[in-house]
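One structure is given here, and the rest of the page talks about it.
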Amino acid sequence: MRVEIWSDIACPWCYIGKARFEKGLAAFAHRDGIEVVHRSFELDPHRAKGDTAPVIDMLAAKYGRTREEARAMEEHVASNARAERLGYRTEGRDHGNTFDIHRLLHLAKARGRQDELLDLAYRANFAEERSVFDAGVLVALGVEAGLDEDEVRAVLADENAYADDVRADEREAAELGATGVPFFVIDRRYGVSGGQPAEVFTQALEQAWQGRALTPVGTDGSPGCDADGSCEVSSA
């Protein structure tokens, strides 16, 4: 059974949701029969490459909040991340266009290293003092994930490399009705949206495996990030 996960490196609930999904998958009796595929979804596709801004400033401008209120928003998300034993820095992070990262993730998928690169990119973006919008950092992450450095550099230098794959993922997301991320599709029959608790993912996998109708979850109030880049900050 295949689980496809649409996500963006810039989405904190995707970072948290991946950890929760993996915890839920670990509790699933048939976990060895599950294939996980990560797919692309950009939260800010119209932002120009190289146009980055501090996350606190971006949140304050986007939501019309003060910097202090924006910091409180980040602290709330950070508390959820830390509850999953994930590192999370509320200061010093950048926000920008993630298209190059998605292109590299498709290269990593072709080389069987997608999950490794995704974890490294999430960690760099949310927990470490490394900007994933810097080409040098992306090269280093690719090498750490087990990719060939020359191949990584070649993909980054060619804006068309894997671009069609990213766009195809995004079209599929739209066709499936995904308006935000993380968005989980189980066996192309069931959808789960948002950074749900681990037990919700376990239950969804069990119901899908048994062929039962899956109760829709995450359609209202589940923490996630919308297609316009807005991220839920009040849900636990």
Side-chain angles (χ1 to χ4, degrees), residues 2-19 21-22 35-58 81 86-89 91-174 181-183 225 227 229 231:
R2 172 181 286 189
V3 177
E4 297 163 277
I5 307 173
W6 273 262
S7 61
D8 191 10
I9 293 297
C11 168
W13 290 110
C14 295
Y15 176 48
I16 295 167
K18 184 177 188 292
F21 169 76
E22 289 173 350
E35 176 191 9
V36 178
V37 177
H38 296 282
R39 299 204 179 278
S40 301
F41 191 107
E42 295 173 89
L43 289 176
D44 204 351
H46 303 298
R47 181 180 286 267
K49 180 178 177 178
D51 177 16
T52 61
V55 168
I56 295 297
D57 292 347
M58 181 275 293
L86 298 172
Y88 197 101
R89 295 185 302 118
E91 295 280 358
R93 292 196 297 109
D94 293 332
H95 176 79
N97 182 291
T98 55
F99 191 58
D100 280 350
I101 304 169
H102 286 295
R103 294 195 300 113
L104 279 187
L105 283 166
H106 275 281
L107 167 64
K109 178 183 176 184
R111 302 294 179 263
R113 310 299 295 175
Q114 187 185 46
D115 197 63
E116 289 82 356
L117 180 57
L118 186 59
D119 280 341
L120 287 167
Y122 275 139
R123 191 181 311 146
N125 188 44
F126 291 106
E128 300 173 350
E129 295 185 6
R130 295 198 288 175
S131 174
V132 294
F133 308 105
D134 178 270
V137 171
L138 290 182
V139 171
L141 292 174
V143 172
E144 288 173 42
L147 301 176
D148 178 76
E149 180 175 344
D150 289 340
E151 194 169 24
V152 171
R153 290 185 183 278
V155 167
L156 291 176
D158 180 2
E159 294 184 355
N160 293 317
Y162 295 100
D164 289 345
D165 299 88
V166 176
R167 298 305 184 210
D169 279 356
E170 293 173 337
R171 283 194 301 272
E172 276 197 275
V181 286
F183 184 61
C225 296
C231 293

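Remark: the backbone N or O of Val37 is not paired with any side-chain donor or acceptor of Arg2 at under 3.5 angstrom. Side chain of Glu170 to backbone of Glu42: a donor-acceptor contact under 3.5 angstrom is found. Looking at Asp8, its side chain does come within 3.5 Å of a backbone N or O of Leu43 through a donor-acceptor pair.
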Apply side-chain contact (heavy atoms from CB on, under 4.5 Å) to the pair Leu147 and Val143, showing each step before the final yes or no.
CA-CA 5 Å; Leu147 301 176; Val143 172; over 6 Å; no

Checking side-chain contact (heavy atoms from CB on, under 4.5 Å) for the pair Phe21/Ile5: CA distance, chi angles, key distance, verdict?
CA-CA 10 Å; Phe21 169 76; Ile5 307 173; 4.0 Å; yes

Evaluation steps, side-chain contact (heavy atoms from CB on, under 4.5 Å), between Thr52 and Asn97
CA-CA 8 Å; Thr52 61; Asn97 182 291; over 6 Å; no

Evaluate the side-chain contact (heavy atoms from CB on, under 4.5 Å) criterion for residues Val152 and Leu138: first the C-alpha distance (whole Å), next the side-chain angles of each, then the deciding distance (0.1 Å), finally the verdict.
CA-CA 8 Å; Val152 171; Leu138 290 182; 5.7 Å; no

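Between Arg111 and Glu151 a salt bridge is recorded (basic side-chain N to carboxylate O distance below 4.0 Å).
Across all their heavy atoms, Cys14 and Pro182 have their closest contact at SG-N, 3.6 Å. The minimum heavy-atom distance linking Ala121 with Leu141 is given by the pair CA-CD1, 4.1 Å. Of all heavy-atom pairs spanning His102 and Ser40, the tightest one is ND1-OG, 3.3 Å. For the pair Leu120 and Ala145, the tightest heavy-atom approach, listed with the atom from each and the gap, is CD1-N, 3.5 Å. Scanning both residues, Tyr88 and Pro12, for their nearest heavy atoms gives OH-CB, 3.6 Å.
With 3.5 Å as the limit, one finds a donor-acceptor pair spanning the side chains of Asp169 and His106.
For residues 152-165, the pairs satisfying side chain to side chain donor-acceptor pair (under 3.5 Å) are Glu149-Arg153, with sequence neighbours left out. Pairs engaging residues 134-143 under the side chain to side chain donor-acceptor pair (under 3.5 Å) rule: none recorded [sequence neighbours left out]. Sorted by first and then second residue, the salt bridge (charged side-chain N to carboxylate O under 4.0 Å, His left out) pairs involving residues 94-105 (not counting sequence neighbours) are Lys49-Asp100, Asp100-Arg103. Residue pairs meeting the salt bridge (charged side-chain N to carboxylate O under 4.0 Å, His left out) criterion with at least one partner in residues 138-148, sequence neighbours excluded, are Arg130-Glu144.
The CZ atom of Phe133 lies 9.0 Å from the CZ atom of Arg93; values are rounded to the nearest 0.5 Å. Rounding to the nearest 0.5 angstrom, the gap separating the CZ atom in Phe183 from the CZ atom in Arg39 is 12.5 Å. Atom CZ of Phe41 is separated from atom CH2 of Trp6 by 10.5 Å, given to the nearest 0.5 angstrom.
Take Tyr122 and apply the ring pair (Phe, Tyr, Trp, His ring centres under 6.0 Å) test, not counting sequence neighbours, and it matches Tyr15. Applying the side chain to side chain contact (heavy atoms under 4.5 Å, CB included) rule to Asp115 yields the partners Lys18, Glu22, His38, Asp119; only residues at least two apart in sequence or on another chain are considered.
The cationic group of Arg47 does not satisfy the cation-pi geometry with Phe99, failing either the under 6.0 Å distance to the six-membered ring centre or the 45° limit from the ring axis.
Applying the 6.0 Å contact sphere to CD of Glu129 captures no more than 12 heavy atoms from other residues, nucleotides or ligands.
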